[in-house]
Amino acid sequence: MKRRSFLAAGAALGGLSGLGLRASYAAATDTLDIAVISDPVTLDPALMASFFEVAVQYNIFEPLVHVTPKLEAQPGLAQFKSVDETTYVMTLRDGLTFHDGTPVDAKAVKANFTRYMDPKTGSPRASELGPVKSVDITGEKEVTIKLSAPYAPFLQVLSNRAGMMVSPAAVEKLGADFATQAVGAGPYKVVSWTKNSELVLEAFDGYWRGAPAFKRVVFHPIPDETVRLNNLRSGTVQLIDGVAPQLAKQVQGDSKLTLKKMAGLGFNAFSFNTTAAPFDKPEVRRAFSMAIDPETIVKAAYFGSASPAFGPIPPSIGWAFDAALKAPRNDPAGAKAALKKAGITTPVPVEITVTNSPIYVRIAQILQAQANAAGFQVKINQIDATSLITVLRKRTFDLCMSPWSGRSDPDGNMYNYFTTDGPNNFAGWKNDTVDGLLKKARTETDQSARAKLYDQAQKEIVDGAPMLFVAFPETLQASEASVDWMQYPDGALRLQFAKPA
Amino acid sequence: MSTVAVNPPGRLRRLGRRPRALVGFVLVAIAVFAAIFAPWLTPYTPVQPDFGAMLSGPTLAHPFGTDDLGRDVLTRVLYGARVSLLIGTVSVAVSLIGGALLGSVAGYAGGWVDGAIMRAMDIVFAFPSILLALGITAVLGPSLGNAILAIAVVNLPVFARIARAQTLVVISLDFVEAKRALGFGAVHILTRTVLPNIATPLVVQGSLLFAAAIITESYLSFLGLGAQPPTATWGTMLHDAIGFLSLAPSLAWFPGMAIFLTVMGFNLLGDAMRDALDPRSD
């Protein structure tokens, strides 16, 4: 009943909502309204560089390789075969087409790789596909990819943005508009996108798994966590991303709603500015870290929906997670002594930069209280979410939040952040040992040997303390109990698997 | 029409006999008392978290409960009074003095000076006040000082207009004429004669805008543009409470009531002062 009245209201608003008068009541259960944290920045996988596309991206684009919620690689658009450590053969499924009707063939795949790796595109995919030496068409539906060196994360990379195939014909035709009217081969095609209002998708009949159960999907950006949940409660939306951890219990207790949670792939951490005083000294970074108690943050900021973090690899990547990794924490007296030993005059004034979202302000206040007890004098600097990336890149901070949504391969959580030239090396840290270890881990194909390399790198990182790790947050999402859907650790929604329960 | 507002001693005394004024006075007195004596009224500090006692409801140890970081809500409400009154006092003082100067100069000088000053004031006045305050704090960066400045700027034209209108009345009076004829300079006449005679309506307006300043600060802090955490202000307390509305409604209730009662106190007092001091109410 609730949804009916919502639809009726939408119809009354005329074409505004895109629902139109023809949207009959019968269609009501075919539509899925979803509240996400923020609007995507772009719909072009070549340009995606933020967390905000994660919820949306897999619905429009199908990657060559699919991963299960347990992060196992499976055939996606293509079957894959590794001929040797540096050669992969990808064989596309039969009869695949993009949303615009053009075929997904070997030519299209090659065109996509060329586009992602072309410096003119300026795509973050180029570094993810760094070791790709050549992509050759070896059949109508077959491409052979040669790597310059073994690249262990390759399949996981192809299951993410770098493996998403877009229609080369549409790229050519739409030009810059492709970023708003993207054409892929995923379960849904883009109908309309009104920035900061709604992104309307429609089921794609030519999808290889068969057309999805929900005929229409509408993403609504609702930044406020409380408002998102209220919209779910009122029935305005049926699925929400980012449930506030303090409200998780309430949602769980509501029989009309389903709460899903899962250990995430990312981390919540803060980057020290290692290029300027006072955090240019590792002793000061270690002392600050020592004063912090991650357990308190897990309890007070995440209400238990997270686990304490000491390094960048979360427990959800089981083979690479190092449960033994520990660092001195929750010892304000020790931190004070360490500062004194290093000859630092206390109190040390520092600024913590966070976005003005409630959970980060809460974490900042906890850090503030704990660090102040150890001889720091912390000022909190709140900025808006859109300025964050600029602050991080320009390094105009002492200590700034730099959370990461995570990747299914540990390389994705480390290489970008801790190699000297990594795009996410916001700390400005330089450590040749870590550079070497992380480069070696990319080319090492034996998993247990890789895990050892990551263990070593993490120990170096704990010692050098370019970042302060606080927690591995769980992915918390909720829906009406009447929706059956599949949760992924990174919070990505893959609605081809969703259906009315 | 040409009566000059003066303060006959009987008028202020009459204030006390009005029940509304008394209520207003008591509410304001409580807020002032809380602001001055906050450190002696509570054993806690407003900023020190206690992670062992988060989100406790009202208890004997914490009569208003604790917030999401285990800080005592009563303590934060008491200390919040300091910020609210500070903001009210400073912002009203700045805009009152600034507005009085601008308005009286404009009214006294006339001509292009009058035109320039008052058109500038019109421009400021044309902006919706909350939008202007938001804009100012967004440009200057969020802090308590900038919030005070923003509120002062927003209120400036109100005082300037009143000051100018009163000045026009005063300078047409015989004794000003006489001073001019005696050869007194403009500065002397403005400071010694005009300003004292236009003060009353400005003070009355000030007490009303005091309440508005507290509300505006709450808006700004609520939007994260006012005082920065962990400073306790009523606006930031409301802001922090949103995420917990369904879990701990008291987190919003207490600072909300504090704002409501204090603002009402100042409004009642201001109204009563206007009634008592307005010569036309005789």
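We use all heavy atoms of the structure for the numbers below, so side chains are in, but hydrogens, waters and symmetry mates are not. Naming: A, B, ... by sequence-line order, numbering from 1 per chain.
Among residues at least two apart or in separate chains, side chain to side chain donor-acceptor pair (under 3.5 Å) pairs with a member in residues 39-48 of chain B are B:T42-B:T75.
Contact annotation for residues 83-99 of chain B against chain A (heavy-atom separation below 4.5 Å): no residues qualify.
Neither the backbone nor the side chain of A:L229 has a heavy atom closer than 4.5 Å to any heavy atom of chain B. Contact of B:L69 with chain A is made through the side chain alone, with heavy-atom distances under 4.5 Å. Using a 4.5 Å cut-off between heavy atoms, B:P142 contacts chain A through its side chain alone, with no backbone atom that close. For a residue to count as touching a neighbouring chain, one of its non-hydrogen atoms must lie under 4.5 Å from one of that chain's; by this rule A:A300 touches chain B with backbone and side chain alike. With a 4.5 angstrom heavy-atom cutoff, A:Q368 touches chain B only via side-chain atoms. Residue A:Q250 touches chain B through its side chain alone, counting heavy-atom pairs closer than 4.5 Å.
Residue A:K249 places its NZ atom among 12 or fewer non-hydrogen atoms of other residues, nucleotides or ligands, all under 6.0 Å distant. The 12-atom threshold is not exceeded at CZ of B:F127, counting heavy atoms of other residues, nucleotides or ligands nearer than 6.0 Å.
Residue B:M54 comes nearest to A:K299 through the heavy atom pair CE-O, 3.9 Å, listed as atom of the first residue, atom of the second, then distance. When every heavy atom of B:G243 is checked against every heavy atom of A:E225, the shortest pair comes out as CA-OE2, 4.1 Å.
Counting heavy atoms from C-beta outward, B:P49 and A:I366 have side chains that stay 4.5 Å or more apart. When side chains are defined from C-beta on, A:F303 counts as touching B:L55, because their heavy atoms get closer than 4.5 Å.
With chain B as partner, the option from A:I359, A:N356, A:V227, A:T296 having the largest number of non-hydrogen pairs under 4.5 angstrom is A:T296. With chain B as partner, the option from A:V361, A:I380, A:D224 having the largest number of non-hydrogen pairs under 4.5 angstrom is A:I380.
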>> Please determine whether side-chain contact (heavy atoms from CB on, under 4.5 Å) holds for the pair A:Q246 and B:D68, giving the CA-CA distance in whole Å, both sets of side-chain angles, and the decisive distance to 0.1 Å.
In response: CA-CA 10 Å; A:Q246 72 269 22; B:D68 53 310; over 6 Å; no
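Rounding to the nearest 0.5 Å places CG of B:D240 at 6.0 Å from CD of A:Q365.
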